[in-house]
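Here is the naming used below: chain letters follow the sequence lines, and residue numbers restart at 1 for every chain.
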There are 2 protein chains.
Amino acid sequence: MLNTQTILQQLSDQGFKKTKVRELLIGELLKLKKPLDAQALQDFLSDQKLAVNKTTVYRELQFLLERGIIVEINFGDNKRRYEIAGLAHHHHLICNNCQGVEDVFVDQDLVKLEKKIAKEKNFAIHSHSLEFFGLCRHCL
Amino acid sequence: MLNTQTILQQLSDQGFKKTKVRELLIGELLKLKKPLDAQALQDFLSDQKLAVNKTTVYRELQFLLERGIIVEINFGDNKRRYEIAGLAHHHHLICNNCQGVEDVFVDQDLVKLEKKIAKEKNFAIHSHSLEFFGLCRHCL
DNA sequence: AATAATACGCAACTCAATTGCGTTTGTCAA
DNA sequence: TTGACAAACGCAATTGAGTTGCGTATTATT
Ligand SMILES: [Mn+2]
Ligand SMILES: [Mn+2]
Ligand SMILES: [Zn+2]
Ligand SMILES: [Zn+2]
């Protein structure tokens with residue numbers, strides 16, 4: 001269920017603790033529903049008057065990733081970003097000017113494309129990454 | 001023109017020197033026509049009995065990138081790869097097992113998709129990154 | 001309150017990539 | 001052929017994202 005308390009409870013049932021860091025990070029990722037990097041999340045915690053060490057942020061992200069609560073997204077700038085899991089499969093429009101991120105759903109098209117490629121190339125596609133770069137409506 | 005001597009001559013005309021490192025790197029990227037990282041290229045030079053400092057490799061890659069002779073490719077593993085520029089626009093099938101790379105051409109499909117998205121989202125798409133991950137025919 | 005596992009802070013470390021700076025080399029022209 | 005100068009190079013130090021070891025603190029359970 002896409003709700004902070006439900007996720008916290010599920011983790012608690014598995015023997016993991018309900019911590020303020022965990023609660024705030026999940027809450028923020030659920031709310032913004034867009035990819036955020038470790039630095040942005042640490043800054044967010046700081047704004048919430050919960051200054052924590054970067055190691056704690058990285059470990060928590062690793063923890064949430066391993067349990068499928070978040071997914072890793074790469075914009076190709078050698079910096080890992082994380083998004084809440086469970087959203088409908090989608091991709092991103094990334095503005096080169098304001099760094100804004102918009103979601104875009106192209107699932108149907110991609111599924112067909114993947115099948116075609118898999119058949120032609122005899123390659124079992126497990127996943128793909130597709131991101132678009134350019135200028136958003138505001139920056140045009 | 002996709003030929004080492006031609007590229008070297010063009011650079012020379014712009015006041016840059018013809019060096020052994022430059023010649024070998026361009027030659028290798030032209031020959032393999034696939035994305036290679038800095039380490040792989042340094043190892044290649046070493047094999048050719050031309051051991052150079054990694055700084056030289058990074059600087060040369062930066063140099064070739066800025067002049068549009070190579071392009072940067074990202075597989076999402078936080079490691080930059082470079083491919084010779086001027087190849088027909090294409091994407092990659094990356095094997096999660098043997099790390100092999102195959103080219104795949106999906107241009108027509110993507111052009112249509114881009115136009116549709118640009119219109120719907122009012123977003124000017126300048127570029128995109130699309131890579132497929134899975135298992136190649138040998139690793140299946 | 002005692003216990004044990006989870007979570008955390010801190011310092012050191014890894015790995016890719018970059019920078020400063022002094023030295024070498026390629027090129028061109030005297 | 002030789003100077004001169006910019007381009008190229010080596011080396012050490014540095015950056016920046018991310019990780020690891022280890023000792024301490026916190027949470028949950030009894
Ligand atoms: Mn998204
Ligand atoms: Mn390619
Ligand atoms: Zn914008
Ligand atoms: Zn393979």
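Nearest-nucleotide positions on DNA chain C for Thr55(A) and Phe63(A) put Phe63(A) closer to the 5' end.
Hydrophobic clustering (ILVMFWY, side-chain heavy atoms < 4.5 Å, transitive): Leu130(A) and Phe75(A) are in distinct clusters.
Between Thr56(A) and dG9(C), a side-chain N or O to OP1/OP2 separation shorter than 4.0 Å is present. Regarding contacts with the backbone of dT18(C), every side-chain N or O of Tyr58(B) stays at 4.0 angstrom or more from both OP1 and OP2.
The ring-ring contact (aromatic ring centres under 6.0 Å, His included) pairs that include a residue from residues 19-65 of chain A are Phe16(A)-Phe63(A), where partners are two or more places apart or lie in different chains.
As a whole-Å value, the separation of Lys54(A) NZ from dC8(C) C1' is 15 Å. Here the P atom of nucleotide dG20(C) and the CG atom of Asn53(B) are 16 Å apart, to the nearest Å. If you take CG of Leu64(A) and C1' of dA7(C), they are 13 Å apart, rounded to a whole angstrom. Taking atom CD of residue Glu66(A) and atom C1' of nucleotide dA7(C), one finds them 14 Å apart after rounding to whole Å. Summarising the geometry, the separation between CG on Leu61(B) and P on dC9(D) is reported as 12 Å, rounded to the nearest angstrom. Here dA8(D) presents its P atom at 11 Å from CG of Leu8(B), a figure rounded to the nearest Å. To the nearest angstrom, P of dT18(C) lies 14 Å from CD of Gln42(B). Across the protein-nucleic acid pair, Leu65(B) atom CG and dA17(C) atom P stand 12 Å apart, rounded to whole Å.
Within residues 75-85 of chain B, the residues approached by DNA chain C to less than 4.0 Å at the level of any non-hydrogen atom are Lys79(B), Arg80(B), in residue-number order. Contacts between residues 10-33 of chain B and DNA chain C, counted as heavy-atom distances below 4.0 Å, involve Lys17(B), Lys18(B).
A salt bridge is defined here as a Lys NZ or Arg NE, NH1 or NH2 lying under 4.0 Å from an Asp or Glu carboxylate O, and Glu23(B) with Lys18(B) fails to meet this definition.
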Run the numbers on His126(A) and His128(A) for ring-ring contact (aromatic ring centres under 6.0 Å, His included), then give the verdict.
CA-CA 7 Å; His126(A) 292 166; His128(A) 63 253; over 10 Å; no

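For Arg59(A) against dG18(D), no side-chain N or O and base N or O form a donor-acceptor pair under 3.5 Å.
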